[in-house]
Each structure stands twice: as C-alpha cells, then as structure tokens.
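Note on naming: letters A, B, ... go to the chains in the order of the sequence lines (proteins, then strands), and numbering restarts at 1 for each one.
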Amino acid sequence: MGNPALRGEIENRVLTVLREILALDGDTIGLDASIAEDLATTSLDRVSLFMALEDEFSGTLPEHEVQQVKTVRDIVDFIECRLQAA
Amino acid sequence: MSTASRLTESTRRRVVITGIGVICPIGKSTQEFWQNCLQGHSTVSPIPAHWYQYADYKSSIWAPLPEIDYAARGVTRVERLQSDPVILLAICAAQEAISNAGLISSLKDKRANTHSIKGLDPSRTGVFMGTGIGGVHSCLANHAHQVLARGKKQLAHISADAKFSDEHASSINKVLDAWIHPLRLNPFVVSMLMPNAVSAILGIKFSITGPNTTYTQACAAGTASIGHAFRAIRSGQVDVALAGGCEYLEDYYGGIFRAFDAANTLVQDCQDATKANRPFDEKRSGFLYSQGGVAVLVLEELQDAVNRGAPTIAEITGYDETFDAHSMMSIAADGVQIERMIRLALNDAKIKPVHVQYVNAHGTGTEINDAIECEVVERVFGGDVLINSTKSLLGHTFGASGALEAAVTALSLERQTTHICKNLEQPIADLNFVRSAASHDIDAAISQSFAFGGHNAGLVLRRIRT
C-alpha cells in the first residue's frame with residue numbers, strides 16, 4: 001500500500017522539475033503525457049531531465065531503468081519505488 | 001558598411017573597452033573588485049583541511065573564491081549540472097560585462113536559457129576567451145568516479161564480510177569515505193572538460209556567431225585572448241568582442257594545488273598568511289594560489305561605441321606576443337623575449353617607453369620571475385614608471401590573471417588611480433612601485449603576462465581622450 005502523502009509530494013516535485021527543465025507553462029503537463037512525444041523532448045533533453053531529477057531527489061537513476069520510463073506517471077512510479085526501497 | 005570597405009579602413013579603426021565583468025577572490029562584481037583593490041583587501045585562508053588526507057604540502061594557504069549564488073544570477077539547474085565551475089564563472093562575468101557596457105540581452109530560448117544582444121550583428125561579434133586548464137575540475141571529478149565508484153563498493157563488502165573489529169572497520173571506512181567522487185559519471189563531462197567550452201558557452205549563451213576561439217597559453221591566456229580580440233576588431237574582422245580569461249583551480253583532492261606546490265612555485269613562508277604573498281619583495285617565496293577567477297571585457301570599435309552612447313573605459317592601442325623557446329617551467333634569465341614583446345606592443349600602439357606611466361606587471365612573487373621582470377622593466381622604461389602587481393591582492397588566477405589585470409589597468413586609466421602593491425616592504429629593485437592607493441596622471445599603461453611554456457604577451461592601453 002503506497003503512501004498517498006509521499007506520492008503527492010513526489011508528483012508535485014516531478015512536475016515542478018519538468019516545468020523547470022523543459023520550460024513548460026504551469027498546467028500543460030498531465031500525468032499520462034508521453035515524455036518523448038507529448039513533451040517534445042530530444043534524447044539530450046531526457047538526459048538533462050533525469051539529471052535534474054537525480055539532483056532533486058538526491059540519488060542516482062540507473063540509465064537502463066530510466067529507458068523504460070515513457071510517461072510522467074512512470075517517472076513518479078519509478079521515483080516512488082526507489083524512495084520506498086531506500 | 002561592407003566588410004571590404006571596413007578592411008580598407010583598418011588603420012583607422014580604434015578599439016575601446018565598454019564593459020567589464022569580474023569574479024575573483026576579492027570581488028563578485030567589477031565594482032566590489034575595484035573597491036577592494038583600492039582598499040588593498042585580500043582574502044587568504046588555509047587550504048581545505050581534507051586535502052591533508054591525501055598529501056603533505058609545502059604551501060598551506062590559498063585565496064578562495066566567494067560563494068556565488070548562480071540561481072540568483074539566472075543560471076538554470078541544467079546549466080549548473082552540465083557546466084564546469086569555470087564555465088559558470090565565465091557566464092556570470094560575461095553577463096555583468098554586457099550589462100555594464102549598456103547592452104541589453106533578451107531571452108531567446110527559454111528552455112536553453114539563451115539570449116540575444118539587442119543591436120549587435122551576431123555575425124560581426126566574436127568571442128575570445130582564455131583559460132589555462134579549462135574544465136580540469138570536471139575531468140578529475142569524473143575520473144575519480146571512474147576509478148573509485150565500483151572499487152569502493154567492493155571494498156566495503158569485503159570489509160563487512162571480513163567481520164573486522166569495530167576499530168578496524170572504522171579505520172577502513174574512514175579511508176573509503178576519503179575517496180570522494182560524484183554519485184555518477186556526468187553524461188556531459190566531455191563538454192564540461194574541453195578547454196574550448198569557455199568560449200563556446202558564451203557564443204551559445206548570447207547567440208554570437210562570429211569567430212569563437214579559446215586561448216590556452218597558461219598564465220598569459222587572458223592577455224592573449226584580449227590581444228587577439230583587439231586585433232580582430234582593429235582589422236575589421238569583427239566590430240564587437242567578448243574577451244577575457246577564466247580559471248577554476250579547485251579539485252576534490254587538492255591535486256592541482258599539489259602539482260604547483262611540488263614544482264616549488266607556491267608561497268612557502270605561510271607563518272603570517274596576511275603577509276605571505278609579497279611580489280617584488282626581498283622576502284617573497286612564491287605565488288599565492290587562487291581558487292580561480294574570471295574577467296570578461298566587452299571590446300568595441302570606437303565609433304560604433306560612441307554612436308550607441310556606450311561607456312568608454314579605456315582604449316586598447318597595442319598588443320604583441322613573443323615566445324622564449326627556452327624552458328617549459330621558467331622564463332629565460334636574460335628576459336630578451338619579454339623585452340622584445342614589450343617593445344613590439346609599444347610599437348604597435350605607436351608610442352615610446354617614455355610615454356608609458358604605468359606597468360601592471362606579471363608580478364607573481366616567485367623569486368626568478370620577479371627579478372627578471374624588474375630588470376626588463378628598468379631596461380625598457382627606466383625607474384620612473386609606476387609598477388605594481390595585482391596578484392599581490394588576489395593571488396594567481398592563471399588563465400584569468402591577464403584579463404583581471406587588463407581590467408585593473410583599464411579602471412586605473414579611467415579613474416586615474418592605482419591600487420597598492422601589497423606587502424611590499426623591501427623592494428628587490430629601485431623601481432617606482434605603487435606603495436599606496438593614490439591618484440596618478442596616467443595616459444598610457446601596459447599589462448603584461450608570462451606563462452609556463454614560454455609565452456609572453458602584453459597589452460597597451462590608453463586613457464580615453466575626449
């Protein structure tokens with residue numbers, strides 16, 4: 001059973017990082033948005049994004065696992081999973 | 001005006017400094033830097049304590065940089081994560097120089113955080129930056145990850161499995177903890193460590209598409225970059241240039257410091273840290289290692305600058321460079337190539353030694369350098385010219401030093417004031433060293449730099465004549 005408060009905090013922080021790194025306006029990111037298509041990111045953008053998420057959550061996100069992440073919700077799930085495992 | 005017609009006018013084109021940006025141990029802005037220069041202020045501290053875990057050193061002090069709030073200066077998280085500190089210094093100083101020149105930069109690409117400079121033709125604007133070691137900080141940090149990350153984990157497991165006593169386990173963990181490295185290899189490390197990043201980043205940041213070059217003549221790099229920018233404007237190749245030098249000399253382990261220390265170049269007598277750094281003094285014992293620094297100047301063709309109402313700080317009227325062809329680590333004892341460089345630079349400026357009132361010397365504080373520099377200054381200028389060392393205040397910033405000293409020389413001409421040659425109690429030569437911050441009538445000045453390898457470079461600057 002997940003922790004709703006933790007989940008909500010992670011969502012907020014992930015969305016904040018996305019807006020900051022991709023220079024997106026406040027309400028344009030949905031949890032089901034595809035990182036590659038909907039957010040129009042290049043491969044370099046995605047490297048930058050995951051570096052910023054590492055910085056935000058003070059950890060490392062292994063590259064082979066990051067490649068499985070397709071949507072914003074996947075990011076939140078991924079980080080929630082890693083924080084709970086830590 | 002066409003490029004061809006500009007080239008035919010090359011002999012009439014004049015070059016002025018219209019903006020300066022500075023970060024160094026004694027200032028986070030040009031204004032703070034200059035005020036601290038005039039007050040003879042220095043920042044000297046013991047080297048980081050953890051460096052002693054890795055080695056012993058003959059020198060024990062350095063000049064640290066002030067804390068810089070990069071976010072407050074508009075540097076994004078992406079820029080911070082993907083840039084060596086030397087790049088961040090260059091960005092911030094360039095921003096200040098552009099602003100002080102009265103130029104307006106506006107956001108061009110929000111995601112990339114790039115700007116364009118209003119009123120400039122980007123194709124006729126150049127970037128000329130100097131650095132001695134570029135992004136070596138990032139190179140060493142990421143190399144530490146490469147070498148240590150897996151080995152540390154393996155040793156930690158071996159230590160745990162061996163069931164050492166608490167005392168032994170604690171000792172092993174202490175060693176492991178001292179092996180510092182980043183959490184991961186930075187995917188952008190190549191673009192962080194390459195020396196040309198310091199000029200490339202300014203071209204990208206400010207959308208400048210003219211010539212973009214990095215000069216790496218060690219401690220003469222900052223002087224050479226400004227000199228070549230001056231030539232590019234005077235010849236008609238460009239109309240505007242960002243030019244300067246930058247350096248960042250800290251690494252996790254103190255290895256860069258140790259390299260200079262092992263070569264016996266650093267200040268040895270550190271009993272009184274406030275007086276240890278003493279260029280041109282009988283008791284000098286080496287140079288004060290600085291954590292880093294940067295100065296970026298905006299250079300413009302005079303008439304263009306006047307037409308847009310830009311502030312004009314000083315004019316650059318001459319530049320030249322020579323090479324010792326003697327030794328990688330010491331300047332030639334006869335000083336012949338330094339003297340030739342100075343005379344060439346003065347000829348380039350169409351003035352004679354007697355017309356120069358102020359020499360901003362290389363003035364490191366090393367035994368041989370200072371002695372030879374004094375002999376050459378006396379041979380060329382005689383004993384009346386004012387001479388001082390900006391390194392006596394802020395230590396040696398290597399590839400940034402020539403640019404910082406050019407900035408000081410320009411400000412000295414504009415304000416008709418010089419800073420003190422600090423800690424000079426027993427001069428090694430009967431020259432007119434600056435013994436106190438005071439007003440002087442200065443029309444022409446030279447700022448000169450010498451470098452490991454044998455590079456000599458000098459800029460001649462003049463007071464703005466209205």
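- No part of L49(A) comes within reach of chain B, as not one of its non-hydrogen atoms sits under 4.5 angstrom from that chain.
- Other residues, nucleotides and ligands contribute only 12 or fewer heavy atoms inside 6.0 Å of the NE2 atom of H168(B).
- At least one side-chain heavy atom of N186(B) sits under 4.5 Å from a side-chain heavy atom of M51(A).
- Surrounding CG of D166(B) are at most 12 heavy atoms belonging to other residues, nucleotides or ligands under 6.0 Å away.
- Between the CG atom of L81(B) and the CG atom of D55(A) there is a distance of 4.5 Å, given to the nearest 0.5 Å.
- Ranked by heavy-atom pairs under 4.5 Å with chain B, the first of I21(A), L22(A), V17(A) is L22(A).
- Interface remark: E56(A) contributes backbone and side-chain atoms alike to the contact with chain B (heavy atom separation under 4.5 Å).
- Using modelled atom types, no side-chain atom of R111(B) and backbone atom of A23(A) make a donor-acceptor pair closer than 3.5 Å.
- Atom NE2 of H145(B) sits in a crowded spot, with more than 12 heavy atoms from other residues, nucleotides or ligands closer than 6.0 Å.
- Considering only heavy-atom pairs separated by less than 4.5 Å from chain A, the leading option among R77(B), R184(B), Q82(B) is R77(B).
- Residue E65(A) qualifies as enclosed at atom CD: its count of foreign heavy atoms under 6.0 Å is above 12.
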